[in-house]
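Structure first, then comments.
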Number of protein chains: 2
Amino acid sequence: PVEIWKKGGRLLSGLLGINIVLLGCALVSSGAFTDVSVAEREVLSFLSVLMGVCSIWMVSYLLWTSRHKNNLKLKDSHAGPIWLRGGLVLFGVCTLVLDVMKIGKSITLIHCESPVKIVHPVIQAVFVVIQTYFLWVCCKDCAQLHMNLTRCGLMITLSTNLAVWMAAVTDESLHQTHELNMGVNYTFNATAGVRAAGGGSHGCDCETHMCKTFQNGYYYLYPFNIEYSLFASAMSYVMWKNVGRVMSEDHHHTSHKFKTRNLFMGLICGIGVLVAGLGVFIVYKIEVDTEDSKSQAITMFYIFNITALSLMSIGSLAGTIIYRFDKRDMDNHKNPTRTLDVVLLLGAALGQYCISYFSIVAMVALQPGEQLHTLILVNSLLLIVQHTLQNTFIIEGLHRQPRTNNHHATELQEKGHSPHVYINPAATISHSNHSPSSDRKHESDLETKQHGTPTSFPEYNSKADWRRKILKEISLFLLVSNIIFWIMPAFGARPQFDNRLELHFYGYSMWVAIVNIGLPFGIFYRMHSVASLVEVYIMT
Amino acid sequence: PVEIWKKGGRLLSGLLGINIVLLGCALVSSGAFTDVSVAEREVLSFLSVLMGVCSIWMVSYLLWTSRHKNNLKLKDSHAGPIWLRGGLVLFGVCTLVLDVMKIGKSITLIHCESPVKIVHPVIQAVFVVIQTYFLWVCCKDCAQLHMNLTRCGLMITLSTNLAVWMAAVTDESLHQTHELNMGVNYTFNATAGVRAAGGGSHGCDCETHMCKTFQNGYYYLYPFNIEYSLFASAMSYVMWKNVGRVMSEDHHHTSHKFKTRNLFMGLICGIGVLVAGLGVFIVYKIEVDTEDSKSQAITMFYIFNITALSLMSIGSLAGTIIYRFDKRDMDNHKNPTRTLDVVLLLGAALGQYCISYFSIVAMVALQPGEQLHTLILVNSLLLIVQHTLQNTFIIEGLHRQPRTNNHHATELQEKGHSPHVYINPAATISHSNHSPSSDRKHESDLETKQHGTPTSFPEYNSKADWRRKILKEISLFLLVSNIIFWIMPAFGARPQFDNRLELHFYGYSMWVAIVNIGLPFGIFYRMHSVASLVEVYIMT
């Protein structure tokens, strides 16, 4: 059933989503910032209701669609790649553990806590299980039935995840502000900040050993919950965009293989950075908690970061320059999945940009002179440069025609087959609508290239192969390096707090909020760029 | 010169713009929120440099393009409508007056102020003059020369305006926070908040009468400066989107006329609301400052708002329902200007949404019971409903084929000409590529409609005319009503502060920030929706 007016359905569901997100935003932030009466209870009830509605919708969607057979034309093969689904399951499991701990803690405090503190994590656990299953099974769907209802359902899912994300970020920020305050001021009364710690209400504190274990345990799991919400949001957004889409017939999934033979330099450099990074990270985590070696550990950490980021920036820059000389055709066909990939890449980079710029302003205002100031300043500048260059490199790479086509064509030709200029017949048609003169020129261009390449210009071919090899090396190096830059923040390195400079400059609550909003996007960025680099590597 | 890769240029300039905006954001907010050392001086210097660079770029753009003749194919006739350009000039003049007052104040305080406080407004005045001229002359351009440079230049213009906007919003918020604090606490020391008032630095206060006049004068002009930046941002964004675009040959500007004959109800109701609104507004502004009649004035204001908003919501809802029964074809052709219009409409509505949701949360948490609580709650809810319904109505209206075509065709037919099914020949070609059976059906449909309408289905025609008349009445009513909802906030009605409920609930700085960020978007929304309603009215 072709839709009459797609924009209408999008508008309706979009408005619904915006309203839920804004209401969530108002509730969560008034819960956090006002001394007055918006109790945690209201926020938790609101989230529980949202998650309940969402779960019911997802179950009914699964029931509807179970009767229909799998139609390959109605699957977007680019959506929900394995890294995204795998990450979702991993973070989902961590969120479940977190919920169990929350329930455990609330049960030990049942005599003074409101019952919503038990109900909320139970509902959240159910929601996470249903949602993970739903997204795993359906993330490639292009829904064709009840389209407006599906759009609204997906928008509710998206806004629920964003609301959960906002609540988690706020809770985590308040808890960290409290903890950092405690670190400075040892005489600070431990109970005064309990509300802030996302824990009990006033006058209802953990006293048993078990309760404290639960409480400490779940602070380590918060970051995973935050990432889980971001992943689920991204996936439901993709599904929402795909509602009503019909894949073209010619859509075939070219199976590329990930081969690394004959590639040494990139891999070796990458693994070098990875191993060095792991070493630095472990030493840092051990040393940073003892007062004596703290400043050494921070210095070491920043020096490693600066070195690695410089190498990565140089690599990306070199790659971008090589692309400038690349004669391959740009692939300008409309490709919604790629557009979305690019948007997510650029959007997620904003998180790190934001942290870096605030850091730069603080360091410049504090008048650098000390070694640590300079290190932080250089590190922030390099982070911006590295993100910019890497994004440019990845986006350039994603917009190239896969070289293998051309290669394949030459192979076919050698075997005596006549090659098709375009694999996709639609492309030929759409091109012939253009000015015929330029098109003929283009075709003859291609012909001379394909007929001529193997015989008359061997050196041209070898040059192209050489370029291709370098690009592959660079993407492999960037790929491995991005992994270590994912590991370090994901497993709890927070030099932004440990160095204490920005913290004092901006005040606790502001800097903690900036880092807690920005950093999850930064972590998401690293995972996403690893996935995109794999694609660039394969296509080169 | 056709561009090889448009996305590359957009990416580059987009990254540049994002970086400037984030740096500006970090600078401005650290200037506002930290007790430490980021002086106003640094922020002002940063803005001055940005505005200088921008002015130089705009002048050079004007020089380049002056040599080229006006090519109508390279003008986007939808961009920069007269209300946008007129608003820009109006707010630009107010900004100039503001700058003169700033310069005057800084000169009277020259013995203790930093010279950057004089240099900054001078540069801003020059920038405003150049930018207003530039946008007036070039806002319809689709630049074809130095495309990447032009994109970067426009992005710098856009981010400069956003940075100026952020600085103005921050200044205004700090000043209002200070003033509201003064209002409550009369013993508050007047000099303590001078930095906050965007005025002198510590220990450099206004003492002469002239200086105080300047200082008070320019607080009234701030809102216009904020609107000016928003207008200029919107216009440079449209120009940025249009870089490299080539209009299709068939693009012709159909001249519709704005006739109001035979339309009474809508106009009369609209003018009724307008006049009542003006009366209420004037009484409110007079009464709200005296302590005795304050609560009466606020109650009256809210009752008027609720009545008018209910009428407008009912009107929009009725219009949307009528559109559901409308048999006219949806116009789904790609139309970047319309897409942008819709995005601006939805985006600008976010400002009012945000204020309303925060207000609702506060009112619910404060447990309504008093009359004022209920009024505010109902008002906020109605604002959300009204924005949503009005947006739906406008967007539905913008996506219809203008009825006049059809009408015109019948007229032509009556004169003995054979009518073209599509005025745009490209449409026929693109349609015939589709499945031919459905197309033939469609054509014959149209034929029967056109041939049959005047003779065999007179009642159908009269029904359609009747619907059309109602739609015109509704859009006229909404148009006039939106004007009063623009006038009231634009000329300084601030019930959000005067009722003091949200102010106490969220704390001064938070609520002032929310209102000051949201309200300019709300004002922009009203102007934009008036313009869009004119379009809907004409097209119906």
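Each chain gets a letter, A, B and so on, in the order its sequence line appears, and its residues count up from 1.
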> Side chain, backbone, both or neither: which part of A:Ile18 has a non-hydrogen atom closer than 4.5 Å to chain B?
Replying inline: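 The side chain, not the backbone.
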
>> Taking side chain as everything from C-beta outward and backbone as N, CA, C, O, which of these in A:Leu23 sits under 4.5 Å from a heavy atom of chain B? Side chain, backbone, both or neither.
In response: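 Both backbone and side chain.
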
> What residues form a side-chain contact (heavy atoms from CB on, under 4.5 Å) with A:Leu519, not counting sequence neighbours?
Replying inline: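 Checked A:Leu519 against side-chain contact (heavy atoms from CB on, under 4.5 Å); matches are A:Gln352, A:Ile355, A:Pro489, A:Arg494, A:Gln496, A:Val515.
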
>> Using the side-chain contact (heavy atoms from CB on, under 4.5 Å) criterion, which residues pair with B:Ala349? Sequence neighbours excluded.
In response: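 With neighbours one apart ignored, the set is B:Tyr353, B:His387, B:Asn391, B:Tyr525.
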
> How about B:Ser29 and A:Phe358: do any of their side-chain heavy atoms sit closer than 4.5 Å?
Replying inline: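 In contact.
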
>> Quick one, A:Ile384 and B:Leu22 - any side-chain contact, counting heavy atoms below 4.5 Å?
In response: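 Counting from C-beta outward, A:Ile384 and B:Leu22 never come under 4.5 Å.
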
> Does the side chain to side chain contact (heavy atoms under 4.5 Å, CB included) test come out yes or no for B:Leu12 and A:Thr392, once each step is laid out?
Replying inline: CA-CA 8 Å; B:Leu12 190 74; A:Thr392 317; 6.0 Å; no

>> Can you tell me which portion of B:Leu346 sits under 4.5 Å from chain A's heavy atoms? Options are side chain, backbone, both or neither.
In response: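 Contact with chain A: side chain only.
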
>> One pair to check against side chain to side chain contact (heavy atoms under 4.5 Å, CB included): B:Tyr357 and A:Asn19. What are the steps and the verdict?
In response: CA-CA 9 Å; B:Tyr357 275 114; A:Asn19 279 292; 2.7 Å; yes

